[in-house]
Amino acid sequence: MPELPEVETVARGLARRLTGRTVTAVRTNRADLRAPLPTDLAARLEGSRIARIGRRAKYLLFHLDGGGVMLAHLGMSGRLVLGSDDEAEARPHDHVILRFDDGTVLRFNDARRFGLIDFAASEDALARHPRLEHLGPEPLGNEFNGPVLAHALAGKATPIKAALLDQRVVAGLGNIYVCESLFWAGLSPRRSARTVTGERAERLASAIRAVLERAIAAGGSSLRDYVQASGELGYFQHQWAVYGKEGEACPDCDCGRTIARIVQGGRSTFYCARRQR
DNA sequence: ACGAGAACCTGTTTGC
DNA sequence: TGCAAACAGGTTCTCG
């Protein structure tokens with residue numbers, strides 16, 4: 001489900017409700033997620049106060065008083081949903097349930113179990129965490145721009161579509177937002193990554209930023225089951241230009257061309273072969 | 001060293 | 001109608 005805008009939306013929703021709250025109980029129903037749950041997860045969380053909730057790439061970061069950080073990745077189907085004490089019954093695929101001092105309950109639900117939860121003992125350990133240390137720049141941060149992107153793509157023979165899904169190039173993009181960004185940049189997903197330099201790289205970096213900012217403003221995209229922490233749906237899916245729109249008219253050119261769907265690296269790509277070169 | 005493809009797992013949609 | 005195949009927002013490993 002979740003790419004950067006969805007994770008950011010969830011992080012903001014959780015921060016509003018959980019900052020300053022203390023974990024009173026941790027219940028683990030299933031430990032075999034993409035990686036096994038840390039065996040000491042409950043011991044590290046119980047009695048700890050949430051100092052801050054943030055995000056790096058598609059990881060949610062729960063910073064605790066005392067310096068520890070819980071990392072959560074939602075994989076394809078993961079959700080973090082808030083509820084109250086009364087509805088604390090575990091539903092199917094609720095793998096971890098946290099209870100807080102004000103009666104709030106947070107459920108980590110993930111049917112496919114591609115998600116994971118891990119722990120870093122300190123902020124320093126977080127920076128060196130194996131799942132974070134090789135990530136590329138945050139696309140909404142100051143350090144991301146055309147030249148930086150061009151540098152990361154230099155020498156890559158793989159299609160630009162595949163290169164943008166590589167989290168070492170730029171962090172947080174997934175299948176939807178790569179397709180959308182390439183559309184707005186006017187670049188073919190089949191173009192060799194190393195040819196994206198100069199003005200093309202500028203356009204692409206700008207398109208990535210713009211798409212992500214608009215998506216966050218809309219609360220992310222809800223496909224079949226994405227929900228914000230509050231339970232609301234995101235609605236950016238209504239603003240998609242190409243994703244999932246095979247056969248529909250290209251929204252931006254008068255070419256009369258329809259959106260094509262191709263498969264790259266086993267994943268669907270949607271684009272306008274006229275507008276995107 | 002790099003890139004392509006498979007694998008991980010479950011639920012829903014599509015097509016014969 | 002029913003069943004099997006295809007497909008889904010991600011990451012990571014293996015193989016050539």
Side-chain angles (χ1 to χ4, degrees), chain A residues 1-11 29-37 55-60 71-81 91-95 108-118 129-136 152-182 189-195 208 211-212 215-216 218-229 233-240 242-247 261-270:
Chain A
M1 164 211 339
E3 305 179 35
L4 186 153
E6 291 75 38
V7 178
E8 178 65 25
T9 300
V10 170
N29 294 325
R30 189 154 188 175
D32 56 333
L33 307 185
R34 179 151 63 86
L37 283 180
R55 177 192 60 74
R56 170 74 170 114
K58 300 171 191 170
Y59 291 87
L60 285 147
L71 297 71
H73 194 291
L74 300 176
M76 292 276 259
S77 55
R79 286 183 280 176
L80 277 168
V81 185
R91 298 163 210 192
H93 310 300
D94 278 354
H95 305 312
F108 182 94
N109 182 287
D110 185 5
R112 293 176 75 179
R113 283 183 285 123
F114 287 173
L116 66 86
I117 291 178
D118 205 355
H129 192 285
R131 311 208 102 103
L132 301 189
E133 67 174 335
H134 298 300
L135 290 171
L153 297 173
K156 284 190 177 292
T158 200
I160 186 64
K161 163 73 191 302
L164 292 178
L165 289 174
D166 183 343
Q167 302 296 296
R168 295 169 300 187
V169 170
V170 54
L173 298 183
N175 207 32
I176 294 174
Y177 296 104
V178 166
C179 291
E180 294 295 306
S181 299
L182 288 170
R190 317 167 76 135
R191 167 184 286 278
S192 176
R194 64 179 158 224
T195 69
I208 289 169
V211 165
L212 295 178
I216 290 170
S221 300
S222 294
L223 232 61
R224 42 185 62 71
D225 58 1
Y226 164 73
V227 287
Q228 301 182 27
L233 296 173
Y235 51 90
F236 189 70
Q237 67 277 12
H238 301 304
Q239 298 181 52
W240 289 343
V242 290
Y243 187 82
K245 303 218 176 269
E246 181 181 17
R261 173 183 176 273
I262 60 174
V263 176
Q264 294 177 291
R267 318 207 48 196
S268 292
T269 300
F270 300 89

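Within every chain, numbering begins at 1; the chains are lettered A, B, ... in the order of the sequence lines, protein sequences first and strands thereafter. Nothing here was measured: the structure is a model prediction, and the numbers come from that model.
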Colleague: Now, which nucleotide makes the Watson-Crick or G-U wobble pair with B:dC9, with each of the two distances under 3.5 Å?
Modeller: none
Colleague: Side chains of A:Ser221 and A:Tyr177: does their closest heavy-atom pair fall under 4.5 Å?
Modeller: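 Heavy-atom side-chain distance check passes, below 4.5 Å.
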Colleague: Using whole Å, what does the distance between atom C1' of nucleotide C:dC13 and atom CG of A:Leu116 come to?
Modeller: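 Roughly 16 Å, once rounded to whole Å.
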Colleague: Is the shortest side-chain N/O distance from A:Ser268 to OP1 or OP2 of C:dC7 below 4.0 Å?
Modeller: no
Colleague: Does any N or O donor sit under 3.5 Å from an N or O acceptor when you compare the side chain of A:Arg267 with the base of C:dA8?
Modeller: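 No, the side chain and the base share no sub-3.5 Å donor-acceptor pair.
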Colleague: Roughly how far apart are A:Phe236 CZ and A:Glu180 CD, rounded to 0.5 Å?
Modeller: 6.0 Å
Colleague: What nucleotide, of C:dT11, B:dA4, C:dG10, holds the atom closest to the side chain of A:Pro159?
Modeller: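 Among the listed nucleotides, the one closest to the side chain of A:Pro159 is B:dA4.
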Colleague: For A:Ala162, answer base if it contacts any base atom (sugar-phosphate contacts may also be present), sugar-phosphate if it contacts only those atoms, and nothing otherwise; contact means non-hydrogen atoms under 4.0 Å.
Modeller: nothing
Colleague: What integer distance in Å separates A:Asn109:CG from B:dC9:P?
Modeller: 17 Å
Colleague: Within the pair A:His73 and C:dT11, is there a side-chain N or O less than 4.0 Å away from OP1 or OP2?
Modeller: yes
Colleague: For atom P, what is the distance between B:dC9 and C:dC3, given to the nearest Å?
Modeller: 26 Å
Colleague: A:Gln167 has a side chain; which of B:dT10, C:dT11, C:dA8 sits nearest to it?
Modeller: C:dT11
Colleague: Would you kindly give the CG-to-P distance between A:Leu33 and C:dT11, to the nearest whole Å?
Modeller: 15 Å
Colleague: Could you tell me the separation between the CG atom of A:Leu165 and the P atom of C:dT12, rounded to a whole number of Å?
Modeller: 14 Å
Colleague: Side chain of A:Thr158, heavy atoms from C-beta onward: which of B:dT10, C:dT11, B:dG3 has the nearest atom to it?
Modeller: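 For A:Thr158, the side-chain atoms sit closest to B:dG3.
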Colleague: Phosphate oxygens OP1/OP2 of B:dC2: is one of them under 4.0 Å from a side-chain N or O of A:Arg168?
Modeller: no
Colleague: Where is the tightest heavy-atom contact between A:Ala163 and A:Leu153, given as atom of each residue plus distance?
Modeller: CB-CD2, 3.7 Å
Colleague: Would you mind reading off the distance between A:Arg112 atom CZ and B:dC9 atom C1', rounded to a whole angstrom?
Modeller: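 Answer to the nearest Å: 6 Å.
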Colleague: Would you kindly give the CZ-to-C1' distance between A:Arg91 and B:dG11, to the nearest whole Å?
Modeller: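 So the two atoms are 18 Å apart, to the nearest Å.
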Colleague: Looking at B:dT10, C:dG10, B:dG3, which one has an atom nearest to any side-chain atom of A:Asn175?
Modeller: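 My answer, after comparing the listed nucleotides, is C:dG10.
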Colleague: Among B:dA4, B:dT10, C:dT12, which nucleotide has an atom closest to any side-chain atom of A:Arg34?
Modeller: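 That would be C:dT12.
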Colleague: Heavy atoms only, 4.0 Å cut-off, all strands: where does A:Gly265 land among base, sugar-phosphate and nothing?
Modeller: nothing
Colleague: Taking the side chain as everything from C-beta on, heavy atoms only, tell me whether A:Leu4 gets closer than 4.5 Å to A:Ile216.
Modeller: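 They are in side-chain contact.
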Colleague: A:Arg79 has an atom CZ; how far is it from atom C1' of C:dG10, in whole Å?
Modeller: 17 Å
Colleague: Of the listed nucleotides (C:dT11, C:dT12, B:dC9), which one gets closest to any side-chain atom of A:Arg131?
Modeller: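 Side chain of A:Arg131 sits closest to C:dT12.
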Colleague: Donor-acceptor pair, distance only, cut-off 3.5 Å: does the side chain of A:Gln264 make one with the backbone of A:Pro189?
Modeller: yes
Colleague: Among C:dT11, B:dG3, B:dC9, which is the nearest nucleotide to the side chain of A:Lys58?
Modeller: C:dT11
Colleague: Backbone N or O of A:His93 within a donor-acceptor pair of the A:Asn29 side chain at under 3.5 Å?
Modeller: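 Side chain of A:Asn29 to backbone of A:His93: no pair is present.
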Colleague: Measure from the ring centre of A:Phe114 to the centre of the six-membered ring in the base of B:dC8, then say whether that distance is under 5.5 Å and the planes meet at under 30°.
Modeller: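 The base of B:dC8 is stacked with A:Phe114 (centres under 5.5 Å, planes under 30°).
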Colleague: Work out how far the P atom of B:dA6 is from that of C:dA6, and round it to whole angstrom.
Modeller: 13 Å
Colleague: Could you check how far CG of A:Leu4 sits from C1' of C:dG10, rounded to whole Å?
Modeller: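 Spelled out: CG on A:Leu4 to C1' on C:dG10 is 14 Å.
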Colleague: Which one, C:dC7, B:dT10, C:dG10, comes nearest to the side chain of A:His93?
Modeller: B:dT10
Colleague: Would you say CZ of A:Arg190 has more than 12 non-hydrogen atoms from neighbouring residues, nucleotides or ligands within 6.0 angstrom?
Modeller: no
Colleague: Please tell me if A:Arg113 has a side-chain N or O lying less than 4.0 Å from either OP1 or OP2 of B:dC8.
Modeller: no
